[in-house]
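Some notes on the structure that comes next.
Because only heavy atoms are used, hydrogens play no part in the values below, and waters and symmetry mates are left out as well, while side chains stay in.
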Amino acid sequence: MCWLLPRLVLQAYAAGDGLACHNLVMLLAYCYSAGMVAADCMYSVLGELTRRFAESDVAMMLTLLNAVGLQLRSADPAAMKDFVMAVHSRAAAAGPGGLSKRAEIMLELVVDIKNNRARDVKASRSAASAAAAAAAGGDKSKPAVAQNVGGGRGGAAAVLQPGLLKWLKASGVDDVTLANISWAKLVQPNKKGMWWHPAATDAAAGLLPGLLAEHMHSSGAAAAAAAAAADGDDEYEGGSGGAGAGTGASAAQLLQLAAGMRMTTDARRAAFVAIMGSEDCAEACEKLLRLPLKGDQSREVVRVLVECCLQESRYNPYYGHLAARLAAVSKSHKVTLQYCIWDQWKEVAGCAPRRLLCLAGLVAHLLGSFVLPLSVVKPIDFDACATWTSKETFLWRHTLQQLLTSFASDADAESAFSRLAQQQALGGLCKALGLFLKLRVGPWLVAQADAGVLRQQCLDSCLLRLARGEKVLLSSTAAVLAG
């Protein structure tokens with residue numbers, strides 16, 4: 001069905017048979033409603049119709065939106081927002097008086113769907129009937145099949161009844177759903193092999209957000225840093241990476257950067273493109289969660305995220321917020337994040353200071369926002385700090401300094417240290433960390449302020465929180481018993 005239907009749509013479109021296009025698009029809408037086709041494919045269809053925006057394309061768009069528009073909005077609000085913006089852009093390009101009556105009806109329906117507002121059923125059926133009649137070329141001898149579009153409301157005419165959907169779920173329709181497949185791939189001739197499996201290039205072409213490829217641009221969240229990473233220079237200190245760089249990268253450029261960073265698998269490349277090609281952390285999180293990864297492949301998402309963060313010229317909070325979102329929605333990502341950070345701590349000796357500062361910023365962000373508990377530092381032997389290398393001391397001083405400043409309030413800082421102090425099994429860690437704060441971090445902060453590196457207001461806040469944390473840790477029952 002999903003192989004034949006696209007071919008029939010293309011044939012009907014080429015022949016100018018508007019009524020056949022209407023019926024075939026309705027059939028495609030029912031395939032989506034039944035769970036045979038995922039939302040990204042439907043958005044890909046809408047993206048192609050928006051790109052052409054001919055009268056027949058508008059008619060097909062109106063049919064599809066009237067059938068499952070509200071359902072598509074619920075499935076992927078971000079993609080619907082992109083589609084609405086693209087449609088209004090094309091309508092504005094047509095100029096005043098350049099839109100047909102059908103196009104005006106379609107735009108009204110788009111606004112209703114965007115606002116999650118159901119249209120009047122009778123009016124929406126009349127509009128669909130008029131569109132179908134116009135698509136048939138005004139031939140009165142042809143039946144106006146759109147009179148029986150069914151459904152309970154405009155924008156949801158092809159939504160199936162809950163009982164039928166439950167039966168389809170029980171029948172295993174999810175096992176045959178075509179997910180992350182673009183319309184362009186469906187209509188591609190001479191497909192070979194397991195063509196329904198998406199590759200990293202599909203994600204790069206804007207498949208995962210579901211709309212046009214030109215929307216797949218980086219907002220500068222990490223493009224400059226990736227370019228530096230692609231040069232393979234671990235000692236890179238300059239550059240203009242970060243969220244304010246103002247540079248953008250196309251999908252092809254992102255894939256080249258991924259190759260430069262040794263993203264050798266499809267899973268790593270797809271994760272890289274989703275992270276680097278997103279406007280913000282919300283969009284990136286949505287794309288990453290929709291990647292068709294199975295089993296151990298899902299761990300690559302966090303590994304790629306951490307590696308991108310450490311390749312920046314300076315710490316970019318974008319990665320911390322994205323990691324927090326992933327950890328909040330997936331326990332697996334949270335566990336992987338913890339182990340990934342532990343792995344990075346083992347490699348401190350071979351890291352450049354720039355990389356250590358980015359790692360300190362990421363860890364401080366995650367601890368300060370309570371994404372990870374303070375007990376995550378338990379593999380670190382703070383008792384042996386006198387024998388640490390300069391890089392280890394550098395890392396932990398900066399990590400704890402940024403942690404003290406990252407808490408939203410003094411109460412949050414005290415709460416984080418109290419949670420660690422309440423764990424009886426970690427008495428040794430409480431005592432060692434408390435002494436490290438007192439002997440290694442406090443005096444260093446004062447020296448930083450004397451050198452003009454740290455502002456006095458920031459120093460006062462850090463010392464206050466440090467004193468409270470030190471007191472909580474060293475006076476805890478666990479620390480006393482460990483002493």
Side-chain angles (χ1 to χ4, degrees), residues 222 225 229 234 261-263 267-268 271-272 275 281 284-285 288 296-382 384-385 388-389 391-407 413 416-417 419-420 423 425-426 429-430 432-433 436-437 441 469:
D234 284 340
M261 290 181 65
R262 297 182 293 278
M263 303 292 171
R268 289 178 69 85
F272 179 85
I275 292 170
C281 60
C285 181
L288 290 170
D296 292 345
Q297 284 184 324
S298 61
R299 299 176 185 174
E300 298 293 347
V301 169
V302 172
R303 291 170 182 161
V304 171
L305 168 62
V306 172
E307 182 59 30
C308 289
C309 176
L310 301 187
Q311 291 289 355
E312 289 272 15
S313 60
R314 60 182 59 85
Y315 174 64
N316 188 337
Y318 166 80
Y319 301 102
H321 289 293
L322 177 55
R325 282 178 174 266
L326 290 172
V329 299
S330 171
K331 184 178 180 180
S332 173
H333 285 321
K334 183 176 181 179
V335 172
T336 303
L337 182 61
Q338 176 176 310
Y339 279 99
C340 194
I341 289 174
W342 285 353
D343 290 340
Q344 294 297 327
W345 286 341
K346 296 176 184 178
E347 301 174 0
V348 170
C351 292
R354 167 190 58 80
R355 191 177 176 93
L356 294 179
L357 285 175
C358 290
L359 178 59
L362 178 63
V363 172
H365 183 114
L366 297 174
L367 295 179
S369 55
F370 296 94
V371 175
L372 295 177
L374 195 54
S375 59
V376 76
V377 303
K378 61 186 177 183
I380 306 303
D381 186 5
F382 288 98
C385 63
W388 280 0
T389 64
K391 286 187 177 181
E392 288 176 303
T393 305
F394 174 87
L395 170 66
W396 284 105
R397 279 175 170 170
H398 281 278
T399 299
L400 291 170
Q401 177 209 337
Q402 294 186 49
L403 173 61
L404 292 171
T405 58
S406 66
F407 288 114
F417 289 111
R419 293 182 187 184
L420 176 61
Q423 301 186 45
L426 298 179
L429 174 62
C430 292
L433 180 57
F436 184 81
L437 288 169
V441 179

From CA spacing to verdict: side chain to side chain contact (heavy atoms under 4.5 Å, CB included), Leu429, Ile380: CA-CA 9 Å; Leu429 174 62; Ile380 306 303; over 6 Å; no
Closest contact, heavy atoms only, Gly368 versus Leu403: N-CD1, 3.6 Å
Can you measure from NE2 (His321) to NE2 (His365) and round to the nearest 0.5 angstrom? 4.5 Å
Smallest separation among heavy atoms of Cys285 and Leu322, with atom names: N-CD1, 3.6 Å
Roughly how far, to the nearest 0.5 Å, is the SG atom of Cys281 from the CD1 atom of Ile275? 12.0 Å
Test side chain to side chain contact (heavy atoms under 4.5 Å, CB included) on Arg419 and Leu374 and set out the steps. CA-CA 8 Å; Arg419 293 182 187 184; Leu374 195 54; over 6 Å; no
Where is the tightest heavy-atom contact between Leu372 and Leu367, given as atom of each residue plus distance? O-CD2, 3.5 Å
Does a side chain donor of either Glu312 or Tyr319 reach within less than 3.5 Å of an acceptor in the other side chain? yes
With rounding to the nearest 0.5 angstrom, report the CG to OG distance, Leu426 to Ser375. 6.0 Å
So which heavy atom on Phe272 is nearest to which on Cys308, and how close? CD1-SG, 3.7 Å
Nearest 0.5 angstrom please: Leu437 CG to Trp396 CH2, how far? 11.0 Å
Parallel, tilted or perpendicular: which describes the rings of His398 and Phe394, with under 30° parallel and over 60° perpendicular? tilted
Before you tell me yes or no, could you show the steps for Arg299 and His333 under side chain to side chain contact (heavy atoms under 4.5 Å, CB included), namely the whole-Å CA-CA distance, both residues' side-chain angles and the distance that decides it to 0.1 Å? CA-CA 7 Å; Arg299 299 176 185 174; His333 285 321; over 6 Å; no
Aromatic contact, Trp388 with Phe382 (centres under 6.0 Å): yes
When rounded to the nearest 0.5 angstrom, what distance separates CZ in Arg268 from CE in Met261? 8.0 Å
How far does OG1 of Thr393 sit from CZ of Phe436, to the nearest 0.5 angstrom? 6.0 Å
Strictly distance-based, threshold 3.5 Å: is any side-chain N or O of Arg397 a donor or acceptor partner for the main-chain N or O of Glu392? no
Can you check whether Met263 reaches Glu300 side chain to side chain, under 4.5 Å on heavy atoms? no
Indicate the atoms forming the closest heavy-atom contact of Thr399 with Ala364, along with that distance. O-CB, 3.8 Å
What do you reckon, is NZ of Lys378 surrounded by more than 12 foreign heavy atoms closer than 6.0 Å? no
Geometric class of the Phe370/Phe407 ring pair [parallel <30°, tilted 30-60°, perpendicular >60°]: tilted
Nearest heavy-atom neighbours spanning Lys391 and Ala349: NZ-O, 3.2 Å
Would you find a donor on one side and an acceptor on the other, under 3.5 Å apart, between the side chain of Ser330 and the backbone of Leu326? no
Apply side chain to side chain contact (heavy atoms under 4.5 Å, CB included) to the pair Val376 and Ile341, showing each step before the final yes or no. CA-CA 9 Å; Val376 76; Ile341 289 174; 5.7 Å; no
Using side-chain heavy atoms (C-beta onward) and a distance below 4.5 Å, is Leu420 in contact with Cys430? yes
